[in-house]
Amino acid sequence: MENKKPLDKRLIAVIAGLIVIILIMMFFLFFRKEPDGKQQVGYATEATVMLDQNSLQAAMDAAMENAKDGNVALLYKNDAYSENGTDFECYIVNSHSNKYDMFLTIYADESLTDQVFLSGLVPPGSGFEEITLDHALESGDHTAYVVLTQVDMDENGEQVIKNQVAHTMEFHVT
């Protein structure tokens, strides 16, 4: 009988990490939405096949280096409450682990056309315990869409969008 050598734990971790990255990329590439809201199937144009361990390790190292700069973390409670539909008690904070200031845009609709709140720049570790909407929401429960936009300075000293993600929150008006 041949004596089989077990896989190196680092190789298993690298393979598992690549699988997760590939699944995330497939989700975003295949199910992205066009500006008109229609689903579109997308394809990676710069896909590379890794045939040896060194190429695989170099790709993983590059991916990890890129990931250091791209975190968008938000600390928040999923529910915000109001008695008048305009003034809400909430908890929304730009995480101290972020590198960049961000601003929040809150929309009352899924198509992101009914903007109800726009903040100024919020430094990491800062946020809101109460907000006042631009216009009142009716009594009841509402799913709001919170778009987080991280801002950085370019080489000319101008503000540029670094990253952007969206979360949902439940806004309750009693």
Side-chain angles (χ1 to χ4, degrees), residues 2-80 90-107 109-113 115 118-119 121-128 143-156 158-170:
E2 291 183 22
N3 187 10
K4 293 185 178 183
K5 185 177 176 183
L7 287 176
D8 182 36
K9 290 181 181 181
R10 291 180 292 178
L11 178 60
I12 293 172
V14 167
I15 291 170
L18 280 176
I19 290 171
V20 169
I21 291 170
I22 289 169
L23 289 174
I24 291 170
M25 288 175 57
M26 285 175 51
F27 177 80
F28 285 110
L29 290 174
F30 287 123
F31 298 106
R32 68 179 184 227
K33 288 187 179 183
E34 285 296 301
D36 61 5
K38 293 181 182 176
Q39 291 275 346
Q40 175 185 333
V41 175
Y43 298 95
T45 58
E46 297 180 22
T48 304
V49 176
M50 303 295 169
L51 298 175
D52 62 85
Q53 181 66 30
N54 291 335
S55 297
L56 180 62
Q57 186 61 51
M60 282 300 295
D61 291 344
M64 295 305 283
E65 187 63 32
N66 289 338
K68 286 181 187 176
D69 204 30
N71 293 331
V72 181
L74 178 69
L75 304 174
Y76 70 105
K77 291 183 181 175
N78 194 50
D79 295 290
C90 61
Y91 183 78
I92 306 171
V93 175
N94 182 1
S95 175
H96 59 80
S97 66
N98 287 331
K99 290 184 171 184
Y100 305 103
D101 292 348
M102 69 171 53
F103 64 88
L104 309 169
T105 312
I106 301 177
Y107 297 91
D109 63 330
E110 186 176 9
S111 61
L112 307 180
T113 58
Q115 179 180 313
L118 176 63
S119 76
L121 286 179
V122 180
S126 299
F128 304 95
T143 298
Y145 299 84
V146 181
V147 178
L148 313 167
T149 304
Q150 286 185 329
V151 177
D152 193 16
M153 296 292 224
D154 68 8
E155 59 277 352
N156 298 323
E158 295 184 26
Q159 293 179 335
V160 294
I161 293 175
K162 187 68 177 168
N163 295 305
Q164 194 172 50
V165 297
H167 292 274
T168 58
M169 288 182 63
E170 298 302 316

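Note that these values count all heavy atoms, side chains included, but never hydrogens, waters or copies made by symmetry. Quick caveat: nothing in here was measured; it's all calculated off a predicted structure.
When side chains are defined from C-beta on, D101 counts as touching P124, because their heavy atoms get closer than 4.5 Å. Taking 4.5 Å as the limit, some side-chain heavy atom of V147 sits within range of a side-chain heavy atom of T149. Annotation: side chain of M169 is in contact with side chain of I92 (closest heavy-atom distance under 4.5 Å).
Separating the CG atom in L18 from the CG atom in L23 is a distance of 11.0 Å, to the nearest 0.5 Å. Of the inter-residue distances, the one linking I106 atom CD1 with C90 atom SG reads 7.0 Å to the nearest 0.5 angstrom. If you take CG on L75 and OG on S97, they are separated by 7.0 Å, rounding to the nearest 0.5 Å. One finds the CD atom of Q115 at 5.5 Å from the OG1 atom of T105 (value rounded to the nearest 0.5 Å). Once rounded to the nearest 0.5 Å, the distance linking OH of Y100 with CG of D152 reads 4.5 Å.
For the pair D109 and Y145, the tightest heavy-atom approach, listed with the atom from each and the gap, is O-CD1, 3.3 Å. Of all non-hydrogen atoms in F103 and S119, the two that sit nearest each other are CA-OG, 3.5 Å. Heavy atoms only, all atoms of each residue included: T168 and N78 are closest at O-OD1, 3.2 Å.
Remark: the backbone N or O of N156 is paired with a side-chain donor or acceptor of D154 at under 3.5 angstrom. No donor-acceptor pair closer than 3.5 Å links the side chain of N94 to the backbone N or O of L104.
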*Could you walk me through whether Q159 and M153 pass the side chain to side chain contact (heavy atoms under 4.5 Å, CB included) test, one step at a time?*
CA-CA 5 Å; Q159 293 179 335; M153 296 292 224; 3.6 Å; yes

